[in-house]
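Residue numbers start from 1 in every chain, and the chains themselves are labelled A, B, ... in the order their sequence lines are given, proteins ahead of strands. Note that the structure is a prediction, hence the values are computed from the model and not measured.
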Amino acid sequence: MGGGTTKIGDPSGRDETRTLLNDATIASNIASILKAFDRLLTFGTGKTDAMMVNNADWLDGLQYIPFLRDIGKHFTINRMLTMDSVKLRLEREQPLTFLEFNYMILQGYDFVELYKRLGCTLQLGGSDQWGNIIQGVDLGRRVVDAELFGFTCPLITTASGAKMGKTAAGAVWLKAERLSPYDYYQFWRNTEDGDVGRFLKLFTDLPLDEIARLEKLEGADINDAKKVLALEATTLLHGTDAARDAAETARKTFEQGGIGEDLPTVEIDGAILKTGIATWDLFQRAGLAASNGEARRLIRGGGAKLNDQKCDDENAVVTADALVNGIIKLSAGKKRHTIVKAIG
RNA sequence: GGAGGGAUGGCCGAGCGGUCAAUGGCAGCAGACUGUAAAUCUGCCGACUUAUGUCUACGAAGGUUCGAAUCCUUCUCCCUCCA
């Protein structure tokens, strides 16, 4: 964990100085990240178990002068200026502070420190980390005569060039509290055709010959491959049960036009339904519109459905009569569905 | 220290006294077409129980004016050049 380096901020790929966080925020972020990774890695003390270390352990106590003399002398400004993270910022005439300029030195130092403490000899990262990793490799050779290695992979984009990680609802979160298994499943289910094969290889553990078979599918059949992708990816993160439930909810919702149990659910006071509530208000409360005005626009635009019936009048009053088995299904467009449940 | 240039809605970027909630592009949302895909086309895209209405908004605070994103003053931050 970059508990120390986050106080500096990696200048890679951004024009603006990263917002500096305070210690409490950093600590809570680290705890949160540990929880997210816990789903994917086995942390422990065993031979092959994962361990999480925090570079604040050795960076926070660094003394400036000794550090400059021992480590700083191995870095030339000439070389540092050729690093993309620095070069791009300068070329675009964006400010780069001395603080950020030091980031690569610290990350390089991290690698050496990890080698000395834990015998770590390989650093993996996105291709934007290449420069930072190489600095560590070089530094290792110079100060501890170690042979270190770097391994980078291209940052993942979709076939149409968009950066990964964004969905209609915002970012793709790994924690179920931020993005439900169902929404996570849907994220993968909606993968572009051209990405399916690549994503199957990158984000699932399926054997390559199975993936090769799925890749051969064409036209509408590609949907079968997408279902496999979504199911496998969701299983890895949320487990078999959650993934199966998500798949079942998606099947019911999209293939039968019914109501899946895992759809986002919003509770509403039964008394409100008794007296009646305007349609636009209901959509807003269900979280399908960010503001009342947006809800109205959604309905006016013809994108809103209540129990699969198109809503024509934003001011129409919805009452308890609309409840079917105690719930109302609201839809914004074809993909965003929410269940409203009356309570009390 | 000196001389210039700049700060506009999620982002980029026009506007340079009224017709500006602010051109255009991107992103986003919805509709059509489809396969819960992409591409394309269409509409929407500050908030408010929607109103030819109110409020908030063009870095911040004052001022000029019937009226300011647009003019003036001060401040903050950024960029470029010179030292």
Colleague: For atom P, what is the distance between B/U8 and B/U70, given to the nearest Å?
Modeller: 13 Å

Colleague: Tell me whether A/Lys305 is salt-bridged to A/Asp308, with the criterion being a basic N under 4.0 Å from an acidic carboxylate O.
Modeller: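 Salt bridge flag = no for A/Asp308 with A/Lys305.
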
Colleague: May I ask you to test the A/Met80-A/Gln135 pair for a side-chain heavy-atom distance under 4.5 Å?
Modeller: yes

Colleague: Do any N or O atoms from the side chain of A/Asp281 and from the backbone of A/Ile277 form a donor-acceptor pair under 3.5 angstrom?
Modeller: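 Pair absent, no side-chain N/O of A/Asp281 close to backbone of A/Ile277.
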
Colleague: According to side chain to side chain donor-acceptor pair (under 3.5 Å), does anything in residues 70-82 of chain A pair up with another residue at least two apart or in another chain? List the pairs.
Modeller: A/Arg79-A/Asp138

Colleague: Dot-bracket for RNA chain B, please, read 5' to 3', with Watson-Crick or G-U wobble pairs under 3.5 Å on both distances, ( ) within the strand, [ ] crossing, | other strand, . unpaired.
Modeller: ((((((((.[[[..)..(.....]]].(((((.......))))).(((....)))...[[[[[..)....]]]]]))))))).

Colleague: If the P atom of B/G24 is compared with that of B/C45, how far apart are they to the nearest Å?
Modeller: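 After rounding to an integer number of Å, I get 12 Å for this pair.
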
Colleague: Can A/Asp110 and A/Trp58 be counted as having a side-chain donor-acceptor contact under 3.5 angstrom?
Modeller: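 Note: A/Asp110 and A/Trp58 side chains meet the donor-acceptor criterion.
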
Colleague: In whole angstroms, how far is the P atom of B/C29 from the CH2 atom of A/Trp280?
Modeller: 23 Å

Colleague: For side-chain contact (heavy atoms from CB on, under 4.5 Å), just list the numbers for A/Tyr185 and A/Ser180, CA-CA rounded to whole Å, side-chain angles, deciding distance to a tenth of an Å, and then say yes or no.
Modeller: CA-CA 8 Å; A/Tyr185 177 95; A/Ser180 72; over 6 Å; no

Colleague: Classify every nucleotide of nucleotides 40-47 of chain B by which part a protein heavy atom approaches to under 4.0 Å, writing B for the base, S for the sugar-phosphate alone and - for neither, in 5'-to-3' order.
Modeller: ----SS-S

Colleague: Taking atom P in both B/A47 and B/A57, what distance in whole Å separates the two?
Modeller: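 B/A47 and B/A57 have their P atoms separated by 15 Å.
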
Colleague: For atom C1', what is the distance between B/U42 and B/C55, given to the nearest Å?
Modeller: 32 Å

Colleague: Centres of the A/Tyr109 and A/Phe67 rings: under 6.0 Å?
Modeller: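 Aromatic pair counts; centres sit under 6.0 Å.
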
Colleague: List in chain and number order the residues that pass ring-ring contact (aromatic ring centres under 6.0 Å, His included) with A/Phe75, two or more places apart in sequence or in another chain; answer none if no residue qualifies.
Modeller: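 By the ring-ring contact (aromatic ring centres under 6.0 Å, His included) rule, A/Phe75 matches no residue at all.
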
Colleague: With rounding to whole Å, what would you report as the distance between B/A22 and B/G53 at their P atoms?
Modeller: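 Approximately 13 Å lies between the P atom of B/A22 and that of B/G53.
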
Colleague: Quantified in whole Å, what is the P atom distance between nucleotide B/U52 and nucleotide B/C66?
Modeller: 31 Å

Colleague: Please report the distance separating the C1' of B/G15 from the corresponding atom of B/G9, rounded so that it comes out in whole Å.
Modeller: 14 Å

Colleague: Flag the pair A/Arg117 and A/Glu113 as a salt bridge only when some basic side-chain nitrogen lies within less than 4.0 angstrom of an acidic carboxylate oxygen.
Modeller: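 Counted as a salt bridge, because a side-chain N and a carboxylate O are separated by less than 4.0 Å.
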
Colleague: Could you list all the ring-ring contact (aromatic ring centres under 6.0 Å, His included) pairs where at least one residue sits in residues 216-253 of chain A, not counting sequence neighbours?
Modeller: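 ring-ring contact (aromatic ring centres under 6.0 Å, His included) check on residues 216-253 of chain A returns A/Tyr184-A/His238.
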
Colleague: What is the distance from CG of A/Leu288 to P of B/C29, rounded to the nearest Å?
Modeller: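 A/Leu288 atom CG is separated from B/C29 atom P by 13 Å.
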
Colleague: Say we look at B/G28 and B/G10: how far apart would their C1' atoms be, to the nearest angstrom?
Modeller: 9 Å

Colleague: Any chance you could list the contact pattern along nucleotides 30-38 of chain B? Use B for base contacts, S for sugar-phosphate-only contacts and - for none, protein heavy atoms under 4.0 Å, 5' to 3'.
Modeller: SSS-BBBBS

Colleague: Parallel under 30°, tilted from 30 to 60°, perpendicular over 60°: which one fits the rings of A/Phe199 and A/Trp188?
Modeller: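 A/Phe199 and A/Trp188: perpendicular rings.
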
